[in-house]
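To start, the structure under review is shown below, and the notes come after it.
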Amino acid sequence: MTARLFEPLALDALTLENRILIAPMCQYSARDGEATDWHMIHLGQLAQSGAGLLTLEATAVSPEARITAWDLGLYSDGCERALGRVLEAVREYAPIPICIQIAHAGRKASSQAPWEGGQQIPPEHPYGWRTEAPSAVPHGEAEVPPHALDAADLKRVRDQFVATAKRAVRLGIEAVELHGAHGYLLHQFLSPIANKRTDQYGGSLENRMRFPLEVYDAVRDVVPAGSPVWLRVSATDWVEDGWDLDETVALGQALKRAGSPALHVSTGGVSPKQAIKLGPGYQVPYAERIKAETGLTTIAVGLITEAQQAEAILAEGKADAISLARAMLYDPRWPWHAAAELGAQVRAPKQYWRSQPREYKDLFKDTAFGQR
């Protein structure tokens, strides 16, 4: 019997070979939004991992949408050319489908890179700028407040998401994830902690969901039918009176009505006051309830590090797919090792077929090898 982790997964017309997804992981290594040789190295190795889907890091819809001045973007012809070069190389040697996470950092933009401390950079600094958000409420109390988006700004930002999606389609990217988690712009609209608006985009749950759903609809309209579009969400803010699981279920139901096939379930990020209770698979219960109540294909993420742990989550019906980030950076061959442990098969590049261990003679798919 095939391990659940290695069964195919259908997302609209896109079928993944297995249920291991490489999560988006910011690299803070772009130049003016343009992918560099680091992205070639980073994505190149992950593309050979045997995972079912490779998701690009949070990719900004404008310079102001970047978390840092070194974030990847897809908002100019230069960005499109640079990313196209990387993807062309990846595709030549790896058949893995590519997903892009389209993002706007909102009030968490204009930051230092994490290894420089990650704090806000003032607008007057060469690597800083005035951020924008649903309301003029800063992320941290001592920070410069963001510009509150007005009606014209909302149209501009929505159009920027659409323009980035169109560029992704031109690059042949097979799936789109909108970043609605971790305290970035779409999450800021959802959470009452960040959204203090009194117009049709603030207050009630329906109003707070309005702009993220408008962005979803606008992006869905320009992505070809059959190519899946979904959201990554934070299922709870881990703060009293913040965004919570009940609201996430309602959002999932609305997204399903809008045509979304899936939901990628994370948590937190909108407030420094969050009190996260960490532990192995600590976010899985959120995915489990969302899956049960929405019927969406549900992607679980967060301290999932072992093959048996991932298999149990799927086998017990708590989620439909597993998303890996840090575990994949630590072990870029994680899917190979999981397949070996679970008695499954995985795709490996032909250049590496000779590495198949003797005790796992059928580990790699479709191998053939001979020498004189």
Side-chain angles (χ1 to χ4, degrees), residues 1-11 16-25 45-55 96-97 99 101 177 181-182 230 232-236 238 245 248 252 262-269 274-348 356-357 359-360 362-365:
M1 189 169 131
T2 305
R4 183 80 171 139
L5 192 61
F6 288 90
E7 289 181 356
L9 178 66
L11 295 167
L16 312 183
E17 282 197 339
N18 60 55
R19 293 162 184 260
I20 303 169
L21 280 54
I22 299 176
M25 292 175 277
Q45 65 166 338
L46 292 179
Q48 307 294 355
S49 66
L53 185 73
L54 172 58
T55 310
I96 190 168
C99 176
Q101 186 188 62
E177 174 175 284
H182 302 163
W230 65 84
R232 192 176 199 184
V233 296
S234 284
T236 175
W238 297 100
L245 181 54
T248 307
L263 203 63
H264 189 176
V265 183
S266 190
T267 63
Q274 64 187 16
I276 300 177
K277 301 179 179 118
L278 287 174
Y282 70 104
Q283 295 173 155
V284 172
Y286 298 97
E288 182 178 13
R289 187 174 151 207
I290 289 164
K291 172 177 163 59
E293 295 194 26
T294 67
L296 288 167
T297 294
T298 307
I299 304 161
V301 66
L303 286 181
I304 301 169
T305 58
E306 306 297 329
Q308 294 289 353
Q309 175 195 14
E311 176 66 12
I313 291 166
L314 301 186
E316 293 165 14
K318 295 177 178 177
D320 298 288
I322 301 297
S323 183
L324 299 176
R326 292 170 177 85
M328 193 67 74
L329 292 183
Y330 187 71
D331 177 9
R333 301 287 180 267
W334 194 97
W336 294 16
H337 303 144
E341 186 175 335
L342 298 172
Q345 282 191 306
V346 69
R347 190 171 300 281
Q356 182 173 260
E359 63 271 30
Y360 303 117
D362 298 314
L363 176 60
F364 295 156
K365 292 182 177 180

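Hydrogens, waters and symmetry mates play no part in the numbers below; they use all other heavy atoms, side chains included.
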Does [X] reach the side chain of [Y], with side-chain heavy atoms less than 4.5 Å apart?
X      : Y      : answer
Leu54  : Pro97  : no
Leu324 : Ile22  : no
Leu5   : Leu314 : yes
Ser49  : Pro335 : yes
Met25  : Leu46  : yes
Glu341 : Glu311 : no
Asp320 : Ile299 : no
Ile322 : Ile313 : yes

Could you state the interatomic distance from [atom1] ([X]) to [atom2] ([Y]), rounded to the nearest 0.5 Å?
X      : Y      : atom1 : atom2 : answer
Leu11  : Leu296 : CG    : CG    : 11.0 Å
Lys277 : Thr267 : NZ    : OG1   : 11.0 Å
Arg4   : Glu316 : CZ    : CD    : 12.5 Å
Thr2   : Leu342 : OG1   : CG    : 11.0 Å

Open item on the list: Apply side chain to side chain contact (heavy atoms under 4.5 Å, CB included) to residues Trp334 and Ile20 and explain how you reach the verdict.
Closed with: CA-CA 9 Å; Trp334 194 97; Ile20 303 169; 3.8 Å; yes

Would you mind writing out the side-chain donor-acceptor pairs for residues 300-309 within the sub-3.5 Å range, not counting sequence neighbours?
unit_1 : atom_1 : unit_2 : atom_2 : d
Gln309 : OE1    : Thr305 : N      : 2.9
Gln309 : OE1    : Glu306 : N      : 3.2
Gln309 : NE2    : Leu303 : O      : 3.1

Distance-minimising heavy-atom pair for [X] and [Y]:
X      : Y      : answer
Val265 : Gln283 : O-NE2, 4.1 Å
Arg232 : Pro24  : NH1-CG, 3.7 Å
His264 : Ser323 : NE2-OG, 3.1 Å
Leu363 : Pro357 : CD2-CD, 4.3 Å
Ala339 : Val346 : CB-CB, 4.0 Å

- [ ] Quick one: list whatever passes side-chain contact (heavy atoms from CB on, under 4.5 Å) with Asp362, sequence neighbours left out.
- [x] Gln345

- [ ] Could you walk me through whether Lys291 and Glu288 pass salt bridge (charged side-chain N to carboxylate O under 4.0 Å, His left out), step by step?
- [x] CA-CA 5 Å; Lys291 172 177 163 59; Glu288 182 178 13; over 6 Å; no

Spell out, as yes or no, whether a donor-acceptor pair under 3.5 Å connects the side chain of [X] to the backbone of [Y].
X      : Y      : answer
Thr248 : Ala235 : yes
Gln101 : Glu177 : no
Asn18  : Gly50  : yes
Arg19  : Pro8   : yes
Ser234 : His182 : yes

Task: CA sep, side-chain torsions, deciding dist, call: Asp331, Trp336, side chain to side chain contact (heavy atoms under 4.5 Å, CB included) - done: CA-CA 10 Å; Asp331 177 9; Trp336 294 16; over 6 Å; no

TODO: Name the orientation class of the two ring planes belonging to Trp238 and Tyr282 (parallel below 30°, tilted from 30 to 60°, perpendicular beyond 60°).
DONE: tilted

